[in-house]
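The shown structure was predicted, so the numbers you read here are calculated from the model rather than taken from an experiment.
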Amino acid sequence: MGNRQADIDFTFAYPTTVRTLLDVLTPAGWSAEERPGYISYMINDADDMHDWYDSTPDRLDAVLAELDAAANLPYTVALNVYHPQGGTGGMLMFYARRSKVSFLPTIDRRRIPDAPKFTDLAWYLHTLVPPLLGVGLAGYEAREDPN
């Protein structure tokens, strides 16, 4: 299938939080549990090392508090999310100041059935955009690059 990069970049009218997005995506079928009993998140702090951490669902509130902490606002943070019914997931990456967020379909990426070389970005948009409208989504850009 090649090494293709797909992502959706969301722009919000005002800064958002990881907790806010997870709260609206959960009723739409998304979960912070990347697989049963497992949460994965990233903090790119002053060392610029993109440190990934593993945790458990019973620590989700603490993980969200850490990702949304004022000390981490200048840095990029990420939380992996999964859609069990869709059988897919990916990384929600929150950039400094939190008005830009990207989704990268990195977990069991859905492909277009009649064009499996390509990511089914329409499926991801359909499941992500409606819930985000209520929390300030101002726009998005979806793309797939052959690199």
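- A cation-pi arrangement is absent between Arg98 and Phe94 under the rule of less than 6.0 angstrom and at most 45 degrees off the ring axis.
- For Ala28, the side-chain contact (heavy atoms from CB on, under 4.5 Å) partners at least two apart in sequence or on another chain are Trp30, Pro131.
- Proximity of a side-chain donor or acceptor of Arg19 to a complementary backbone N or O of Asp61 within less than 3.5 Å is detected.
- Cluster annotation: Trp52 is not connected to Val81 through the hydrophobic network of ILVMFWY side chains, with a link wherever side-chain heavy atoms come within less than 4.5 Å.
- Put simply, the side chain of Leu132 reaches to within 4.5 Å of the side chain of Leu21, judged on heavy atoms.
- Placement of Val77 and Ile8 within a single hydrophobic cluster is found when ILVMFWY residues are connected by side-chain heavy-atom separations under 4.5 Å, directly or transitively.
- By the side-chain contact (heavy atoms from CB on, under 4.5 Å) test, Pro130 is found to be paired with no residue, residues two or more places apart in sequence or in another chain being considered.
- Looking at residues two or more places apart in sequence or on another chain, you find a side-chain contact (heavy atoms from CB on, under 4.5 Å) between Tyr53 and Tyr41, Ile43, Asp51.
- Smallest separation of non-hydrogen atoms from Val18 and Asp68: N-OD1, 2.8 Å.
- Here the CG-CG distance, from Asn44 to Asn72, works out to 10.0 Å after rounding to the nearest 0.5 Å.
- How far CD of Glu144 is from CZ of Arg109: 6.0 Å, rounded to the nearest 0.5 Å.
- Minimum interatomic distance between Ala32 and Leu22 (heavy atoms only, all atoms of both residues): CB-CD2, 3.9 Å.
- When hydrophobic residues (I, L, V, M, F, W, Y) are linked wherever their side-chain heavy atoms come within less than 4.5 Å, Leu73 remains an isolated member.
- Partners of Asp7 under the side-chain contact (heavy atoms from CB on, under 4.5 Å) rule, at least two apart in sequence or in another chain, are Gln5, Asp9, Leu104, Arg143.
- Residues Ile39 and Arg59 fail the side-chain proximity criterion, which asks for heavy atoms closer than 4.5 Å.
- Listed here is the closest heavy atom pair of Ser40 and Tyr38: CB-CE2, 4.0 Å.
- Closest approach of Asp23 and Pro27 over heavy atoms only: O-CD, 3.1 Å.
- No single ILVMFWY cluster, assembled from side-chain heavy atoms under 4.5 Å apart, contains both Tyr14 and Phe12.
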Would you check, one step at a time, whether the test side chain to side chain contact (heavy atoms under 4.5 Å, CB included) holds for Leu128 with Leu25? CA-CA 7 Å; Leu128 292 167; Leu25 291 174; 3.8 Å; yes
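- In this structure, the side chains of Leu64 and Thr17 stay at 4.5 Å or more apart for every pair of heavy atoms.
- Met42 places none of its side-chain heavy atoms less than 4.5 Å from the side chain of Asn80.
- In the hydrophobic cluster analysis, where Ile, Leu, Val, Met, Phe, Trp and Tyr join through side-chain heavy atoms closer than 4.5 angstrom, Met93 is grouped apart from Leu79.
- Taking both residues in full, the closest heavy atoms of Ala96 and Thr76 are given as N-OG1, 4.4 Å, listed atom of the first, atom of the second, then distance.
- Tyr82 and Glu34 make their closest contact through CG-O, 3.7 Å (heavy atoms, listed as atom of the first residue, atom of the second, distance).
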Can you give each donor-acceptor pair under 3.5 Å made by side-chain atoms of residues 84-91, sequence neighbours left out, with the distance rounded to 0.1 Å?
from, atom 1, to, atom 2, distance (Å)
Thr88, OG1, Ile107, O, 3.0
Thr88, OG1, Asp108, O, 2.9
Thr88, OG1, Tyr124, OH, 2.6

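- A heavy-atom distance below 4.5 Å is not found between the side chains of Thr16 and Phe10.
- Counted within 6.0 Å of OH on Tyr140, heavy atoms from surrounding residues, nucleotides or ligands total 12 or fewer; the atom is thus considered open.
- Residues Tyr95 and Leu92 do not share a hydrophobic cluster, defined by chaining ILVMFWY side chains whose heavy atoms lie under 4.5 Å apart.
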